[in-house]
Q: 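Next up is a structure, given as structure tokens.
First the proteins, then the strands, lettered A, B, ... as listed; each starts at 1. As the structure is a prediction and not an experimental result, all values here were calculated from the model.
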Amino acid sequence: MENPKNDKSSRRDALKFGLASTVMAALTQVPTSLTAKPKESSGEKVRLLTPDGHLVEVDANDVVKVAWDAKEVATDDNRKRAREGIKGRKWVLVIDLARCKHALACQSSCNKHHHIPGDRQWLNVYTMQDAEHTEPYWMPKTCFHCDKPACVSVCPVDATFKRDDGIVLIDNERCIGCRFCMAACPYSTRVFNWGEPNDPPEVKAQAYDPEKGLPRKKGTVEKCDFCPDMLRNGKLPHCATACPNGVFFFGDQNEDTVTNGAETYRFSDMMKDKAGYRYLEDLGTEPRVYYLPAADRLVPYKESENLPPLRKESGSCGH
Amino acid sequence: MNINRTLPELTQDLQPRTFGLKGTIWTIGLCVVFLAGLVNYFFQLRDGLEITAMTDYVSWGIYISNFVFFVAVSLVGSLISAILKLSNAKWSIPLTRIAEIIAVACIMFAGLIIIVDMGRPDRIYYLFVHGRLQSPIVWDVIVVTTYLAISTLLLYIPLLPDFAILRDKMTGIPKWQHKLYSMLSLGWVGNAKQMRIMHKSIMGLSVIIIPIAFGIHTVTSWLFSTTLRGGWNSTNIGPYFIAGAFMVGAAAVIAVMYVVRRSYKLENYFTDDLFDKMAKLLVLLSLVYFYFNINEYLTPAFKMMEGERDLLESLFMGEFAPMFWTTQIVGMIIPIIVLLFKKGRKPLPLFIISLIVIVGAWFKRYLIVIPTLFYPYLPAIEQDGVPRTIEYAPTFAEWSITFGSLAGALLVITILLRYLPVVGIWEMAEYQGIVKEEE
């Protein structure tokens, strides 16, 4: 736990984590040291706090450090937890296009909480027009967390993976930066850390957690993660909380319930009553994000100078 | 193609020779370009891939297209030393060594340039520690390393008797060079048993290398066709890649053969007739490639499906049209027409045509890899939803690293051509039936 490279703040963290890990280290090491090769007593005692709250004394010679960097220990725990997912859940997102007013609160909240630099977005709001004479509409798009994720199939090192709770996550400590997943994703969801990330210092000091995607790692891929750190605390993802129009209905498919914070619906009823669909269904990726059509809109689409309907611009949209 | 030379004469003709002024300048030039690429790669290691022009939309650039190019050229080793050999085309014997040298150099640099493209080259060993067999990248790693190993053996094993000949007969060379030949010959004496084992090994490897060669380029094509992207989403892409690879590989062998013939004065070995035959082979391979091009572009162009239409329009009439039609017409159709005439198959015009084919093939890989990324299903937008123009113009560092890799491969080829007999001495001897005289 004495790492000369650490600055003061991370050193304090290191002490906090480090004490716990040293105790555990000591407790596992002591019996083996005693039975296997008895060491000479140093005469010097060290006081340690066990995980269940007892203060114990052991000989200084029997204390063996197994982990030097507390951050590494925490990172390992986070990475393990991130692969396990949240037990018993099957997360699902329903985006009601009829409610979207292009307020972009979802995006700014997402950018803020995930410390997203200005060159990328995890959440996009597209201006869509399906055919020449049909009405344009706004379409917020997160990662679809597909059940048949093209990105996961092509990953050579299991850096991006599908969890039992439905979330597709990335382990940036595993990613080799080949960007095959970016080529494979048909929804242009994934973004890359092309250079050294510019996270704020307090983020940089954190132990890496795949469920936050922070701190960022140079040369690795990132994307929308459904905010599993919020879900673990029983809270909605940031986009759902931030949206003033209640566009984002998030929930657990196992419970057949989705909510935007104010209203709660049965997921199956919503799909049935409002003709839910998934974007580009014919690609066979089976997204976990559903859309409700932009019918009977809260506000009609208004063309602004900045946002021409994309049909005319690029021609690639529609479902 | 009997050239009526005795073994000592063959040795005299084919033994490695020092470079003249031109050769020295060429080698130094390659070293400079290679080192410049290396320096820029160090900058890339330090600053990350942000020194390239790649973005989240164009996430693969010229490193990847250059990788495809290297793999394509390397296929020629299997074409000359396996396919032609097994089909008893004896005229290609003088080309075997050159073809294998090109194959080894190119597959080596294919492997290196793919590491250059990685965001985290420090984690390359994860491919072996955490590799998952379902990813086409892992298939590529497996076949590329296998192909490198077999190609190296196919270069090295037929060199054993030659190393022994150089060890015993070559005089006036520095001590280290003599020692090197002696070491590399592995104590070869050339008795009947050794010859039998060698022939068997070469024959076995020649058979194995054909499916591996098809494997490397088919798997390379699958890196694209296993994705859901318009333009890559093609079942024709494997054979299309293979056909293109054989075409550029044949051109590469012709180009090297021309330079070697000129600089080593080996007109008796690389005869006009040999050029003529290679030219005809190149025409055949180009025609096959032409056929696959029609398959690759005509049927989707007929349908103009959503998701492919913008890409095809851009290739045929838009942003990429000049490059597309230049590679198709100048890099494929004109060579076919020129080589149909006897005059076009003379060494010099054939050499020029081959260079055009090689450059065209490089840009063709650019057109296969990059434009597709310009046309994703969802349009590109900035933050706040403002439409964003997708652009990609490789940076100086990116070009430098790419040219560095090309120079590196040429450097390996040059060095091997400097220190190895450019034509198998014993192979020529055996072909003339004078192996027995030696004993």
Q: Using only heavy-atom distances, determine whether the side chains of B/Y392 and B/E398 contain a donor-acceptor pair under 3.5 Å.
A: yes

Q: Checking A/S108 against chain B: side chain, backbone, both or neither under 4.5 Å from a heavy atom?
A: neither

Q: Say whether A/T160 and A/K223, considering side chains only, have a donor N or O and an acceptor N or O under 3.5 Å apart.
A: no

Q: In terms of heavy-atom proximity below 4.5 Å to chain A, should B/Y57 be classed as side chain, backbone, both, or neither?
A: side chain

Q: Contact part of A/R174 toward chain B, heavy-atom cut-off under 4.5 Å: side chain, backbone, both or neither?
A: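 Contact with chain B involves both backbone and side-chain atoms of A/R174.
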
Q: Using only heavy-atom distances, determine whether the side chains of B/Y63 and B/T402 contain a donor-acceptor pair under 3.5 Å.
A: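 Judged by distance alone, the side chains do not pair up.
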
Q: Is the gap between the ring centers of B/Y377 and A/Y187 under 6.0 Å?
A: no

Q: Hey, which of B/M54, B/H130, B/M118 has the most heavy atom pairs under 4.5 Å with chain A?
A: B/H130

Q: Under a 4.5 Å heavy-atom cut-off, does chain B meet the side chain of A/V221, its backbone, both or neither?
A: neither

Q: Need one label for A/V157: side chain, backbone, both or neither, based on atoms under 4.5 Å from any heavy atom in chain B.
A: both

Q: Decide whether a cation-pi geometry holds between A/R179 and A/F192; the criteria are a distance under 6.0 Å from NZ or CZ to the six-membered ring centre and an angle within 45° of the ring axis.
A: yes

Q: Examine whether an atom of B/L133 lies under 4.5 Å from a heavy atom of chain A, and if so say whether it belongs to the side chain, the backbone or both; otherwise answer neither.
A: neither

Q: Do B/W232 and B/S225 get their side chains close enough for a donor-acceptor pair, meaning under 3.5 Å?
A: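 No, B/S225 and B/W232 have no side-chain donor paired with an acceptor closer than 3.5 Å.
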
Q: With only heavy atoms counted, which part of B/W139 is less than 4.5 Å from chain A, the side chain, the backbone, both or neither?
A: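 Interface part for B/W139: neither.
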
Q: Just checking B/F224 against B/W60, ring centres under 6.0 Å apart?
A: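 Distance test on ring centres: under 6.0 Å, yes.
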
Q: Is it the case that the side chains of B/K364 and B/N293 hold a donor-acceptor pair, with the cut-off being a distance below 3.5 Å and no angle test?
A: yes

Q: Please classify the contact between A/L104 and chain B as side chain, backbone, both or neither, with a heavy-atom cut-off of under 4.5 Å.
A: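 Answer is side chain: those atoms of A/L104 sit under 4.5 Å from chain B.
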
Q: Cation over ring, A/R288 on A/F144, under 6.0 Å and within 45°?
A: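 Not flagged: A/R288 not positioned over aromatic ring of A/F144.
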
Q: Heavy atoms only: give me the nearest A/Y279-A/M128 pair and the separation to one decimal.
A: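 Looks like OH-CE, 3.8 Å.
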
Q: How about A/Y208 and A/N172: does a side-chain donor come under 3.5 Å of a side-chain acceptor?
A: yes

Q: So which part of A/N193 gets closer than 4.5 Å to some heavy atom of chain B, the side chain, the backbone, both or neither?
A: neither

Q: Return yes if a side-chain donor-acceptor contact under 3.5 Å exists between B/N66 and B/S405, otherwise no.
A: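 Result is yes, a qualifying pair exists.
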
Q: At a 4.5 Å cut-off on heavy atoms, which part of A/C151 comes close to chain B: side chain, backbone, both, or neither?
A: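 Neither part, no heavy atoms under 4.5 Å.
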
Q: Non-hydrogen atoms of chain B under 4.5 Å away: do they reach the side chain of A/A183, the backbone, both or neither?
A: both

Q: Could I get the full list of side chain to side chain contact (heavy atoms under 4.5 Å, CB included) partners for A/H114, not counting sequence neighbours?
A: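 With neighbours one apart ignored, the set is A/C110, A/I116, A/W122, A/D225, A/C227, A/H238.
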
Q: Relative to chain B, which of A/P156, A/G284, A/C185 shows the most heavy atom pairs under 4.5 Å?
A: A/P156

Q: Is chain A contacted by the side chain of B/T55, its backbone, both, or neither, given a heavy-atom distance below 4.5 Å?
A: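 Contact with chain A is through the backbone of B/T55 alone.
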
Q: Can you check whether anything in residues 40-53 of chain B gets within less than 4.5 Å of chain A, heavy-atom wise, and list it by number?
A: B/L45, B/R46, B/D47, B/G48, B/L49, B/E50

Q: Heavy-atom pairs under 4.5 Å with chain A: which of B/I114, B/V138, B/D117 has the most?
A: B/D117

Q: Between B/R229 and chain A, with a heavy-atom cut-off of 4.5 Å, which part of the residue counts as in contact: side chain, backbone, both or neither?
A: side chain

Q: If I measure from the heavy atoms of chain B, does A/Q107 come under 4.5 Å with its side chain, its backbone, both, or neither?
A: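 Side chain only.
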
Q: Would you check, one step at a time, whether the test salt bridge (Lys or Arg N to Asp or Glu O under 4.0 Å) holds for A/K217 with A/E173?
A: CA-CA 8 Å; A/K217 310 272 170 194; A/E173 289 284 0; 3.1 Å; yes

